[in-house]
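First the structure, in the form of structure tokens, and then the observations on it.
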Protein chains: 2
Amino acid sequence: MAEKVRIADIHKYEGQEVTIRGWLYNMRSSGKLRFLLVRDGSETIQCVVFKKDVSEATFADTDQLTQESSIVLTGVVSADERSPLGYEIQVKTLQIVQLADEYPISKKEHGVDFLMDHRHLWLRSSKQHAILRIRHEIIRAAQEYFNKEDFILVDSPVFTPNAAEGTTTLFETDYFGSKAYLTQSGQLYAEAGAMAFGKVYCYGPTFRAEKSKTRRHLTEFWMIEPEAAFFDLDDDMQLAEEFVSHIVQSVLKNRQPELQTLERDTSKLECIKPPFPKIHYEEAVDILKKNHIEFRHGDDFGGTDETVISEQFDQPVIVHHYPAAIKAFYMKRDPQEPQYALAMDMLAPEGYGEIIGGSQREDDYETLLQRIREHNLPEDAFAWYLDLRKYGSVPHSGFGLGIERTVAWIAGIQHIRETIPFPRTLQRLNP
Amino acid sequence: MAEKVRIADIHKYEGQEVTIRGWLYNMRSSGKLRFLLVRDGSETIQCVVFKKDVSEATFADTDQLTQESSIVLTGVVSADERSPLGYEIQVKTLQIVQLADEYPISKKEHGVDFLMDHRHLWLRSSKQHAILRIRHEIIRAAQEYFNKEDFILVDSPVFTPNAAEGTTTLFETDYFGSKAYLTQSGQLYAEAGAMAFGKVYCYGPTFRAEKSKTRRHLTEFWMIEPEAAFFDLDDDMQLAEEFVSHIVQSVLKNRQPELQTLERDTSKLECIKPPFPKIHYEEAVDILKKNHIEFRHGDDFGGTDETVISEQFDQPVIVHHYPAAIKAFYMKRDPQEPQYALAMDMLAPEGYGEIIGGSQREDDYETLLQRIREHNLPEDAFAWYLDLRKYGSVPHSGFGLGIERTVAWIAGIQHIRETIPFPRTLQRLNP
């Protein structure tokens, strides 16, 4: 029996007989020839059925084949310079595993709702396939970076007992008679981890019940969040730029065919290397002014603002020193200019907007307690968090990178819903 | 200024002056000497303060130091054969960052509830530190295995629209006016992924609202789940044994000091290499009989049953061909013996019980539809899942490995609550 091989490995088998197991992606007929385009998840290859090479039954079978029918075929691998893969297969035998019903996704244009309703099948298309393989590489490279830099993975819980910043954007569940909320960020727990392990990260899904319908919002999205002790805002920004560069360079190295499928302009990615430009909030405001954007000083940047700011740079730009008034209670303020928080956001180029948010954390017990009171947060729920400032408090910082926004940017995708296998949005919980 | 170094890297700096930043773990005094045991998250090192080597103020400062106070010290690295690390530091300067309040966790025995209430601090203890570093390595090795074997990461959603197997063990949340349930397994979605990518895995937290208070149960636990197309039960069992062996061998290679801290008998781990013993359900029942365990034929195995079965083997044992009646609707039945499901569980040795559950999936549309009806499941909610049997169905299999149970076994921990940074149980949602 011929060896069962994956199409991605086919170059190792030139001149040999192999067995391929996969799905029919497309077929052309021409007299006594049938050209089957077969995908097996690893790659796609042209398989040539020549009437005189196969049994009559087999040749008749090929004419029955429908798109996405599952098949097992055996044949000889031959070099073929015209094919993108460089090889094709001269078929000897073909077995139909299951003859597919008429496939709902055709070459014609489908509406987004139709495609999203068929997300479980749409994943098979070459574009979605490419996006999700890039997603895989982004996540792999992100984990690799922190692992090799000796950050310890300290998973944060999904169930949290208190509503840190109001309940309006929190998903709530009954927890054996109490209320539990789904986490929006693992940061507070990562801070406890940093005091135990020095450098940690957490990675997992996070949840926001936001009623936003923008192309940048999901209710369920993945975030990777490093946190380090004895680490200030400058350290944090440097970590962020090295981390993001590592991810981009890994995708360029390991996912070229996928970037080509998506027709991504890779020259825009090749230049992503540290250092990134770093600008003060006030400099960012000046950019908006120069570009005649209406903006109220002291506000946070909206989507359009982010686009205008990031378009000034070829690299991701880090904006730091946001007004303390618009930032979270746990952010440390600049001792020299207490109206600013030691916060930073990284905005991706090409108008993709914020991919990272981070800060140095308030490490003084009394100051943090005061902030918690100012924000009317439940003091007792934060007792454990305050403890971190009682028992060996140190300067520490961290950030969170949103996986889906990073995929959108690197893959060059306009809408975030295509950057995750099964997106969850305000209007979508299916399939 | 002396170079800032991590204690784990101290061997590179013998004879040099370095700066260490960390926390006081312990201190001994002896006349003009103070022996500070300092941890920085990467390692622990003894730092010797000799009165004549430091300023008067610094020496006075050392006497103020409390456990877990954060400090920055500079000194010269010298070899010291008596220390576990092989090095110590002769201190020149010492700066107190924050003087810790009296640390609540002392050398004396604390109750589990007390320790769990202080989980954010308990993580700093050498035992918890070791367990979570082993957890990190298990997760890293698990991801590494699937990545290098070309499985594509296809994340499953946490929010699911339907209650696949009854709502009693499901956490529910309001989803903008509809109901959503938190996932118990990513498998069904991974099956869609396998049809698109051939080989996939998902990894993330899963949720069970079980009212179990056993040492094996958490409400929130992490699971890694591979799924592959053109893959039968034998392939699945082979993948499982190679995967688990890779994890165990990686921990042995990369976490020896942590295993020593936990006094783990590593000889019991060294023998974990494929192939693992594989027994039919009926053979497992025979083992129970021979050991005079009361057991009703046809039932699933309970905790004690699993312990007795697994104790017969030095390796993890795979039990396959469970009665179909006690297994999930999506499992394929053995065509030769339809009373058995093509299911398998892997039981860890030393009484640790099930760490893997898996099966070949039903791939025939009509049969699956019938099972869904037999189980009174909502047909429309499974329409997309049934689609996978309409459009190129293939034999496929997969399994799920529970991270926390695997950590418990490899680290040799009795209770699963110590295998995750912030455990969530029936009675615990804090901190």
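The model shown is predicted, which means the values in this text are computed figures rather than measured ones.
Summarising the geometry of B:F171 relative to A:T173, their closest heavy-atom pair is CB-OG1, 3.8 Å, with the distance given to 0.1 Å.
Only the side chain of A:V72 comes within contact range of chain B, with heavy atoms under 4.5 Å apart. Proximity to chain B is limited to the backbone of A:D174, based on heavy atoms less than 4.5 angstrom apart. Looking at A:L182, only its side chain comes within 4.5 Å of chain B, counting heavy atoms on both sides. No part of A:R119 comes within reach of chain B, as not one of its non-hydrogen atoms sits under 4.5 angstrom from that chain. At a 4.5 Å heavy-atom cutoff, the contact between A:E210 and chain B is made by backbone atoms alone. Only the side chain of A:F176 comes within less than 4.5 Å of a heavy atom in chain B; its backbone stays farther off. In this structure, chain B has no heavy atom under 4.5 Å from any part of A:I420. With a threshold of 4.5 angstrom between heavy atoms, A:D150 approaches chain B through its backbone and through its side chain. With a threshold of 4.5 angstrom between heavy atoms, A:E102 approaches chain B through N, CA, C or O but not through any side-chain atom. A:F151 touches chain B through its backbone: at least one of N, CA, C or O sits under 4.5 Å from a heavy atom, while the side chain does not. Using a 4.5 Å cut-off between heavy atoms, A:A194 contacts chain B through its backbone alone, with no side-chain atom that close. Proximity to chain B (any heavy atom under 4.5 Å) is shown, for A:A180, by both the backbone and the side chain.
Ring pair A:F197/B:H129 is parallel by interplanar angle, where below 30° counts as parallel and above 60° as perpendicular.
For B:W122 and A:Y391, the ring centers sit 6.0 Å or farther from each other.
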B:F230 and A:W23: CA distance, side-chain angles, deciding distance, ring pair (Phe, Tyr, Trp, His ring centres under 6.0 Å) verdict: CA-CA 11 Å; B:F230 295 101; A:W23 296 266; 5.8 Å; yes
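Checking side-chain atoms of A:R124 against main-chain N and O of B:A192 turns up no donor-acceptor pair under 3.5 Å. No donor-acceptor pair under 3.5 Å is formed between the side chain of B:R424 and the backbone N or O of A:P157. Listed for the B:R39 side chain is a donor-acceptor partner under 3.5 Å among the backbone atoms of A:A196. For the pair A:E220 (side chain) and B:V158 (backbone), a donor-acceptor distance under 3.5 Å is present. Within the 3.5 Å criterion, the main-chain N or O of A:I152 finds no donor-acceptor partner in the side chain of B:H136.
Neither side chain, A:H118 nor B:D387, offers a donor N or O lying under 3.5 Å from an acceptor on the other.
For B:Q98, the side-chain contact (heavy atoms from CB on, under 4.5 Å) partners are A:S393, B:S70, not counting sequence neighbours. Contacts of B:H120 classified as ring-ring contact (aromatic ring centres under 6.0 Å, His included), with partners at least two apart in sequence or in another chain: A:W384.
Put simply, of A:Q67, A:R389, A:E144, the one with the most heavy-atom pairs under 4.5 Å next to chain B is A:R389.
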